[in-house]
Amino acid sequence: MEVRPLTGQGLVSVLKDVARLRLSVFRAYPYLYDGDLEYEMSYLKPLIDSAGSIVVGAFDDGKLVGAATAAPLADHSDGFSSGLQKTGLDVADIYYLAESVLLPDHRGKGLGHRFFDFREAHGRRLGFKHAVFCSVIRPEDHPDKADYQPLTPFWQKRGYRSIDGALAHFSWKDVGSDEETEKALQIWHRVL
């Protein structure tokens with residue numbers, strides 16, 4: 001297994017594979033995301049346009065089996081604006097840790113820590129003071145929750161805390177649904 005940071009052209013070369021990983025991993029609970037490759041490529045385009053973006057890739061025999069992305073929050077979606085207004089944090093000081101996606105067979109081997117280590121270090125090198133990410137909020141009694149293992153303990157061990165009342169709002173189509181619905185996502189934060 002090889003884990004390496006990718007920027008510039010290296011980042012561009014793996015984006016289609018990152019999109020495919022997102023489609024696969026985010027189909028499962030809690031995201032239950034039913035997307036398509038065309039939308040994914042459009043969603044990932046800001047990574048190409050941002051000078052501060054990074055993809056951390058996990059490769060098994062040369063095949064991308066996991067990826068984590070990050071970029072300056074100012075270069076990312078506007079969906080965070082209202083959620084961060086009451087926090088006192090300046091968007092210009094925030095490095096956004098977008099997604100971490102890893103195929104199930106490769107979990108539990110420390111790759112999540114490596115994903116965070118690389119992205120946090122990159123954000124610090126760029127001069128960012130804060131890191132944030134989001135997690136989707138689903139009802140505790142959701143029927144698809146079954147064997148889901150929450151990542152809250154992992155995030156807390158890394159120094160992240162959920163910000164009370166700080167929510168981002170995004171819409172997507174759930175698996176088995178005909179139309180998009182808005183979801184609330186909890187914003188998590190730590191000082192870099």
Novice: Taking C-beta and beyond as the side chain, do R20 and L37 meet within less than 4.5 Å on heavy atoms?
Specialist: yes
Novice: Please report the C-alpha distance between C134 and W188 in whole Å, then the side-chain angles of each, then the deciding distance to 0.1 Å, and finally whether the side chain to side chain contact (heavy atoms under 4.5 Å, CB included) criterion is met.
Specialist: CA-CA 6 Å; C134 294; W188 291 74; over 6 Å; no
Novice: E120: which residues meet the salt bridge (charged side-chain N to carboxylate O under 4.0 Å, His left out) condition with it, sequence neighbours left out?
Specialist: R158, R190
Novice: Compare all side-chain heavy atoms of L44 with those of V18 and state whether any distance is below 4.5 angstrom.
Specialist: yes
Novice: With side chain to side chain contact (heavy atoms under 4.5 Å, CB included) as the test, would you mind laying out the steps for T181 and S171 before giving the verdict?
Specialist: CA-CA 5 Å; T181 55; S171 294; over 6 Å; no
Novice: Taking all heavy atoms of P46 and all of S42, pick out the closest pair and write down the distance.
Specialist: CD-O, 3.7 Å
Novice: Report the residues that fulfil ring pair (Phe, Tyr, Trp, His ring centres under 6.0 Å) with H106, sequence neighbours left out, ordered by chain and then residue number.
Specialist: none
Novice: Just verifying a value: how many Å separate K129 NZ and D90 CG, rounded to the nearest 0.5 Å?
Specialist: 8.0 Å
Novice: Could you pull out the closest heavy-atom pair between L102 and G66, with the gap in Å?
Specialist: CD1-CA, 3.7 Å
Novice: Quick one: OG on S50 to CG on D75, what's the gap to the nearest 0.5 Å?
Specialist: 3.5 Å
Novice: Within this structure, what is the NE2-CG distance for the pair H189 and L84, rounded to the nearest 0.5 Å?
Specialist: 9.0 Å
Novice: Answer whether the closest heavy-atom distance between the side chains of S177 and D34 falls below 4.5 Å.
Specialist: no
Novice: Taking side chain as C-beta onward, heavy atoms only, is L6 less than 4.5 Å from I54?
Specialist: no
Novice: Hydrophobic side-chain clustering at under 4.5 Å (ILVMFWY, transitive links): who's grouped with L167? Put none if nobody.
Specialist: I137
Novice: Can you find a side-chain donor-acceptor pair between T69 and R119 that sits under 3.5 Å?
Specialist: no
Novice: On a heavy-atom basis, which atom in F115 and which in A67 lie closest, and how many Å separate them?
Specialist: CZ-N, 3.6 Å
Novice: Taking the side chain as C-beta and beyond, is there a heavy-atom pair between M41 and L15 under 4.5 Å?
Specialist: yes
Novice: Going by an N to O cut-off under 4.0 Å, is there a salt bridge joining D174 and R138?
Specialist: yes
Novice: Rounded to the nearest 0.5 Å, how far apart are CD of E2 and CG of L64?
Specialist: 11.0 Å
Novice: So do L97 and Y160 actually touch side chain to side chain, heavy atoms under 4.5 Å?
Specialist: yes
Novice: Is the shortest side-chain heavy-atom distance between F59 and R4 below 4.5 Å?
Specialist: yes
Novice: Do the rings of Y33 and W172 sit parallel, tilted or perpendicular, given the 30° and 60° boundaries?
Specialist: perpendicular
Novice: Taking atom OG of S100 and atom NE2 of H113, what is their separation to the nearest 0.5 Å?
Specialist: 11.5 Å
Novice: Can L111 and M1 be said to form a side chain to side chain contact (heavy atoms under 4.5 Å, CB included), step by step?
Specialist: CA-CA 10 Å; L111 293 172; M1 184 72 62; 4.1 Å; yes
Novice: Please check: side-chain N/O of Q186 versus main-chain N/O of S162, any donor-acceptor pairing under 3.5 Å?
Specialist: no
Novice: Counting neighbours of NZ on K109 that are heavy atoms of other residues, nucleotides or ligands and sit closer than 6.0 Å, is the number greater than 12?
Specialist: yes
Novice: Taking side chain as C-beta onward, heavy atoms only, is F26 less than 4.5 Å from V101?
Specialist: yes
Novice: Counting only heavy atoms not in Q149, do more than 12 fall under 6.0 Å of its CD?
Specialist: no
Novice: Is there a path of hydrophobic side-chain contacts, each under 4.5 Å between heavy atoms, that joins V175 and Y43?
Specialist: no
Novice: Might you confirm whether atom CG of D147 has over 12 heavy atoms from other residues, nucleotides or ligands at distances under 6.0 Å?
Specialist: no
Novice: At their closest point, which heavy atom of G35 faces which heavy atom of L23, and how far apart are they?
Specialist: C-CD2, 3.3 Å
Novice: By the salt bridge (charged side-chain N to carboxylate O under 4.0 Å, His left out) test, which pairs, at least two apart or in different chains, include something from residues 49-64?
Specialist: K45-D49
Novice: Calculate, to the nearest 0.5 Å, the distance between atoms CZ and OG1 belonging to R161 and T152 respectively.
Specialist: 11.0 Å
Novice: Looking at S53 and H122, what are the two nearest heavy atoms and their distance?
Specialist: O-NE2, 3.8 Å
Novice: Under the rule for salt bridge (charged side-chain N to carboxylate O under 4.0 Å, His left out), what residues qualify as partners of R22, not counting sequence neighbours?
Specialist: E40, E99
Novice: Parallel, tilted or perpendicular: which fits the ring planes of F133 and F116, with parallel below 30° and perpendicular above 60°?
Specialist: perpendicular
Novice: Identify the two heavy atoms, one from G112 and one from F154, that lie closest to each other, and give their separation to 0.1 Å.
Specialist: C-CZ, 3.6 Å
Novice: Name all residues meeting the ring pair (Phe, Tyr, Trp, His ring centres under 6.0 Å) criterion together with Y95; count only those two or more places apart in sequence or in a different chain, and write none if there are none.
Specialist: F128
